Amino acid sequence: MDESRNGALGTRLNWLRAAVLGANDGIVSTAGLVVGVAGATSSSDALLTAGLAGLLAGSLSMASGEYVSVSAQRDSEQAALAYEERELAEQPEEELDELTGLLVDRGLTREVAREVAEQLTARDALTAHARVELGIDPEQIVNPWHAAWASFLSFTVGALLPLLAIVLPPVALRVPVTVLAVLCALLLTGWTSARLGEAPLRPSVLRNVLGGGLAMAVAYAAGALLGAAGV
């Protein structure tokens, strides 16, 4: 597998990992919200309103935050590419020497590095320097709108699970069904995240499940106390 295919695969895995984490955030935050409200009231309207408000606020917040973050990254990458392009136009020989040195640092002999540098420069000097010197692939500059929509959709999908689980069952089963559904979903997202990140499965899954369980327990206790106090 060549470098470009490796880079494309890495990009896809990063996007998939981000989608899993976004869904996980949607599950935990919305579950905490609706379970907390369920601790205070049994009103279906209140639960649905709170859940939808949390879903919209969370998904829009995730999308805007991702857009700002990725836009900053994109601006930095484009600025670095523009600077590199100016250097190539103004001092091509120095840039060729620099590329040769970078290839030598990667383990090539100077003679081979020089030949490779010359061939890469002749083919596409900017792409060669971007990949070797900057670690940027000009063909895969991140798109902030794609990132924003991905975060919005992944959070929304995750948030729908606890929202539906809290409003569809009978009143007596709402909280148990929601807790069970959320813990199962967190087990799945924890497992998927660990596999994508090549991390140990057990601690990743346990952290995810215990963290979500604790969030729901605290939210429910707070809601119950507020409900008992007539707030």
Side-chain angles (χ1 to χ4, degrees), residues 1-26 57-158 189-190 192-200 204:
M1 184 178 292
D2 59 29
E3 183 177 350
S4 62
R5 291 181 62 191
N6 276 324
L9 177 60
T11 299
R12 287 195 295 271
L13 289 176
N14 285 335
W15 278 106
L16 184 56
R17 189 179 301 115
V20 171
L21 294 176
N24 195 80
D25 288 343
S59 58
L60 290 172
S61 175
M62 286 283 291
S64 62
E66 193 71 8
Y67 179 83
V68 171
S69 174
V70 175
S71 292
Q73 178 185 345
R74 182 184 179 90
D75 291 344
S76 297
E77 290 178 347
Q78 290 180 328
L81 290 173
Y83 180 78
E84 193 65 35
E85 191 171 21
R86 288 196 303 271
E87 285 192 324
L88 286 167
E90 295 170 0
Q91 44 188 26
E93 287 302 321
E94 289 82 351
E95 289 298 297
L96 181 59
D97 292 338
E98 182 180 24
L99 182 58
T100 300
L102 291 170
L103 293 172
V104 169
D105 292 341
R106 292 193 173 192
L108 299 180
T109 64
R110 180 157 294 277
E111 292 76 14
V112 172
R114 186 68 177 188
E115 182 179 353
V116 171
E118 289 175 348
Q119 291 184 16
L120 290 174
T121 299
R123 181 178 180 182
D124 189 335
L126 180 59
T127 297
H129 279 267
R131 289 177 174 172
V132 177
E133 181 180 348
L134 305 176
I136 299 172
D137 188 342
E139 297 178 357
Q140 295 182 10
I141 297 294
V142 289
N143 187 314
W145 284 109
H146 291 172
W149 276 110
S151 293
F152 179 88
L153 292 175
S154 62
F155 187 97
T156 300
V157 169
T189 57
T192 304
S193 179
R195 290 299 300 268
L196 291 173
E198 299 182 352
S204 297

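What you are looking at is a predicted structure, and each value in this text was computed from that prediction instead of being measured. Residues take their numbers from the sequence shown, with the count starting at 1.
In this structure, F152 and A63 approach most closely via the heavy-atom pair CB-CB, 3.9 Å. Among all heavy-atom pairs drawn from S154 and G22, the shortest one is OG-CA, 3.6 Å. Residue L103 comes nearest to A117 through the heavy atom pair CD1-N, 3.8 Å, listed as atom of the first residue, atom of the second, then distance. Closest approach of S151 to E66, counting heavy atoms only: OG-CG, 3.3 Å. Pairing each heavy atom of S64 with each of S61, the nearest pair is OG-O, 3.0 Å.
Rounded to the nearest 0.5 angstrom, L120 CG and T127 OG1 are separated by 10.0 Å. The distance from the OG1 atom of T100 to the CG atom of D105 is 11.0 Å, given to the nearest 0.5 Å. To the nearest 0.5 Å, atoms NE2 (H129) and CD (E87) are separated by 9.0 Å.
In this structure, the side chains of S193 and L21 come closer than 4.5 Å at one or more pairs of heavy atoms. Residues L88 and L126 form a side-chain contact, since some pair of their non-hydrogen atoms from C-beta on lies under 4.5 Å apart. Side-chain atoms of R106 and V132, non-hydrogen and from C-beta on, do get closer than 4.5 Å to each other. Side-chain contact between E111 and E115 is absent, with no heavy-atom pair separated by less than 4.5 Å. Residues T121 and L99 have side chains in contact (heavy-atom distance under 4.5 Å, counting atoms from C-beta outward).
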Please report the C-alpha distance between T109 and V112 in whole Å, then the side-chain angles of each, then the deciding distance to 0.1 Å, and finally whether the side chain to side chain contact (heavy atoms under 4.5 Å, CB included) criterion is met. CA-CA 5 Å; T109 64; V112 172; 3.2 Å; yes
Mind running side chain to side chain contact (heavy atoms under 4.5 Å, CB included) on L96 and E118 for me, showing each step along the way? CA-CA 7 Å; L96 181 59; E118 289 175 348; 4.1 Å; yes
Is there a side chain to side chain contact (heavy atoms under 4.5 Å, CB included) between E84 and E95 once you walk through the steps? CA-CA 9 Å; E84 193 65 35; E95 289 298 297; 2.4 Å; yes
Walk me through whether I136 and R131 qualify under side chain to side chain contact (heavy atoms under 4.5 Å, CB included). CA-CA 5 Å; I136 299 172; R131 289 177 174 172; over 6 Å; no
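A search for salt bridge (charged side-chain N to carboxylate O under 4.0 Å, His left out) contacts involving D97 returns R114, not counting sequence neighbours.
Applying the side-chain hydrogen bond (donor to acceptor under 3.5 Å, both in side chains) test to every pair with at least one member in residues 67-76, sequence neighbours left out, gives these pairs: Q73-E77.
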